[in-house]
Every structure is written in C-alpha cells, then in structure tokens.
Amino acid sequence: MISAIWLGMILVSIVVAAATGRLDAVNRAVFEGAKAGVSICIGLVGILAFWLGMMRIAERAGILRALARLLAPLVRRLFPDVPRDHPAMGYILSNMTANLLGLGNAATPMGIKAMEELQKLNPDPKTATPAMCTLLALNTASLTVVPTTVIALRAQMGSANPVDIVGTTLVATAIGTATAIVLDRWFRRRGK
C-alpha cells in the first residue's frame, strides 16, 4: 500500500512538473535527494557503529545485565502470565533495554525472539496472548530514553546541538508508554 502511495505521489509530481514546464526541477530534486540519502546512510553507519560499540562495552561491563535486573520486577508485573525463568523473559528484557537506549535495530531481533518464545506458551496459536499484545504495545509506544538514531540523524544534518531532542523524547516516551500500559490493562480487563 505504501509503495502505491509513493508511486502515486511521484507520478502526480511528474505530471504537474510537465504541465508547468518544470521537469528540470524534478530532475534536480531526484539527484539531490539521492545524494542526501547516500550521505545520511554513510553518516548513520559511523554513528550507529559508535553506539553499537558503546553497547558492546556496556554489555561486557555488566551494565546491560544490571539494567535488565533493574527492569525485571517491572517486567514481571507487566507480563504476569510468563514464567519467571522462561526464555521469553530474557528476550523481553533485552528488547526493552535496547529500546531504552534507542537501539531499535538491536531491539528488533530480540523482540522477534521474544514473540517466538511467547508463541510457545500460547494455547491458541491463531490468537495473540495478552503477553504478546503487551509486548507489541510497549514496542509501538517506542520506549526510548536515549534516541541514538535521531541524534545521529540530527548530527548528520548539521544540527548545532543534536542531543536537544533527549528532553522531548523523555516526555514523549513517558506519555506514550503510560498510555500503552493503561490501554493494555483496560483491554485485558475488558477481554475477561
């Protein structure tokens, strides 16, 4: 569907440019956009490599384990149906920790593994369990404390202070996560 929308927008812009005699502007915009895309990707590779390296150092220093231990009581309350020592719990904690640090690319494989483990606990494989819905709601709410990707994009685009976004992100993630948890609990109670 998104591809169809993009194709429609491109075709409309080309038709309008042709009708107004500005095809050269479209041509110029295509090449400038492609150049900017490559530039942003290369910049992101460097900054993401830096943050992934920092994550690796934090992992080896035991910071991630400590953060996961800190989150464990909260996660057990959010996922009461999941046994305490089930592998799904470890993947959920890893997913949440990576998301908190703004490493969505690192969080995604953990989220998928968590869903696979939660599916093993599912008595009806065709219907999502409440724990699966909670995990999806939390991931959709974008639980983030350090928005590394956004910081990287802002730095790449020449922002004077790329970390200015952190305060806004904290407010947005607090509101989004609280809303997701409240709605998740409300739907759980309504479903019983």
Side-chain angles (χ1 to χ4, degrees), residues 1-3 37-38 40-156 162-163 165-166 169-170 172-174 176-181 183-184 188:
M1 184 64 178
I2 289 290
S3 298
V38 170
I40 288 171
C41 286
I42 290 173
L44 277 177
V45 167
I47 293 170
L48 284 176
F50 167 76
W51 280 107
L52 288 174
M54 294 298 287
M55 275 286 284
R56 188 73 171 169
I57 291 170
E59 182 186 0
R60 294 212 171 167
I63 294 171
L64 291 183
R65 216 174 308 119
L67 190 56
R69 254 196 316 271
L70 189 72
L71 288 173
L74 172 70
V75 171
R76 281 196 291 271
R77 290 184 71 108
L78 288 172
F79 299 91
D81 306 334
V82 180
R84 183 180 275 226
D85 53 353
H86 193 274
M89 203 55 97
Y91 287 121
I92 290 169
L93 282 166
S94 298
N95 171 264
M96 289 178 72
T97 304
N99 271 330
L100 280 172
L101 298 174
L103 300 169
N105 291 340
T108 301
M110 297 300 163
I112 291 170
K113 290 298 286 181
M115 280 294 184
E116 287 174 358
E117 292 297 330
L118 290 174
Q119 182 68 359
K120 292 176 184 172
L121 297 171
N122 190 352
D124 179 10
K126 292 187 177 177
T127 304
T129 63
M132 295 166 102
C133 293
T134 301
L135 181 62
L136 186 62
L138 286 175
N139 273 281
T140 305
S142 189
L143 186 67
T144 304
V145 173
V146 184
T148 51
T149 305
V150 177
I151 291 171
L153 279 172
R154 287 173 54 92
Q156 184 63 29
V163 293
I165 196 77
V166 172
T169 300
L170 287 174
T173 197
T177 304
T179 304
I181 291 171
L183 288 175
D184 177 64
R188 273 192 192 213

- Task: State, with a plain yes or no, whether a side-chain heavy atom of Leu121 is found less than 4.5 Å away from one of Val82.
- Result: yes

- Message: What's the separation between atom CG in Asp184 and atom OG1 in Thr179, rounded to the nearest 0.5 Å?
- Response: 12.0 Å

- Query: Are any of the side-chain heavy atoms of Glu116 and Gln119 separated by less than 4.5 Å?
  - Reply: no

- Task: Answer yes if the side chains of Asn122 and Thr129 hold a donor-acceptor pair under 3.5 Å, and no otherwise.
- Result: no

- Task: Provide the closest heavy-atom pair for Ile165 versus Pro162 in the form atom of the first, atom of the second, distance.
- Result: CG2-O, 3.7 Å

- Query: Taking the side chain as C-beta and beyond, is there a heavy-atom pair between Leu136 and Met132 under 4.5 Å?
  - Reply: no

- Please check if atom CE in Met110 has more than 12 non-hydrogen atoms from other residues, nucleotides or ligands closer than 6.0 Å. no

- Candidate list Asn139, Thr108, Thr173, test side-chain hydrogen bond (donor to acceptor under 3.5 Å, both in side chains), partner Asn99, passing option: Asn139

- Any idea which heavy atoms bring Pro123 and Pro125 closest together, and the distance? O-CD, 3.6 Å

- Message: What I'd like to find out is whether the side chain of Ile151 reaches to under 4.5 Å of the side chain of Val166, using heavy atoms alone.
- Response: yes

- Query: Taking C-beta and beyond as the side chain, do Arg154 and Pro147 meet within less than 4.5 Å on heavy atoms?
  - Reply: no

- Task: List the atom of Ala128, the atom of Cys133, and the distance in Å for their closest heavy-atom pair.
- Result: CB-SG, 4.0 Å

- How many angstroms lie between CG in Leu135 and CE in Met115, if you round to the nearest 0.5 Å? 4.5 Å

- Message: Could you check whether any side-chain heavy atom of Met89 comes within less than 4.5 Å of a side-chain heavy atom of Arg76, counting everything from C-beta outward?
- Response: yes

- Message: Please report the interatomic distance CD1(Ile112) to CD(Glu117), rounded to the nearest 0.5 Å.
- Response: 13.0 Å

- Message: Quick check on side chain to side chain contact (heavy atoms under 4.5 Å, CB included): which of Ile92, Ile181, Val75 does Leu138 satisfy it with?
- Response: Ile181

- Query: What is the distance from atom CG of Leu183 to atom OG1 of Thr134, rounded to the nearest 0.5 Å?
  - Reply: 11.5 Å

- Query: Run the side chain to side chain contact (heavy atoms under 4.5 Å, CB included) check on Val145 and Thr169 step by step: do they pass?
  - Reply: CA-CA 7 Å; Val145 173; Thr169 300; over 6 Å; no

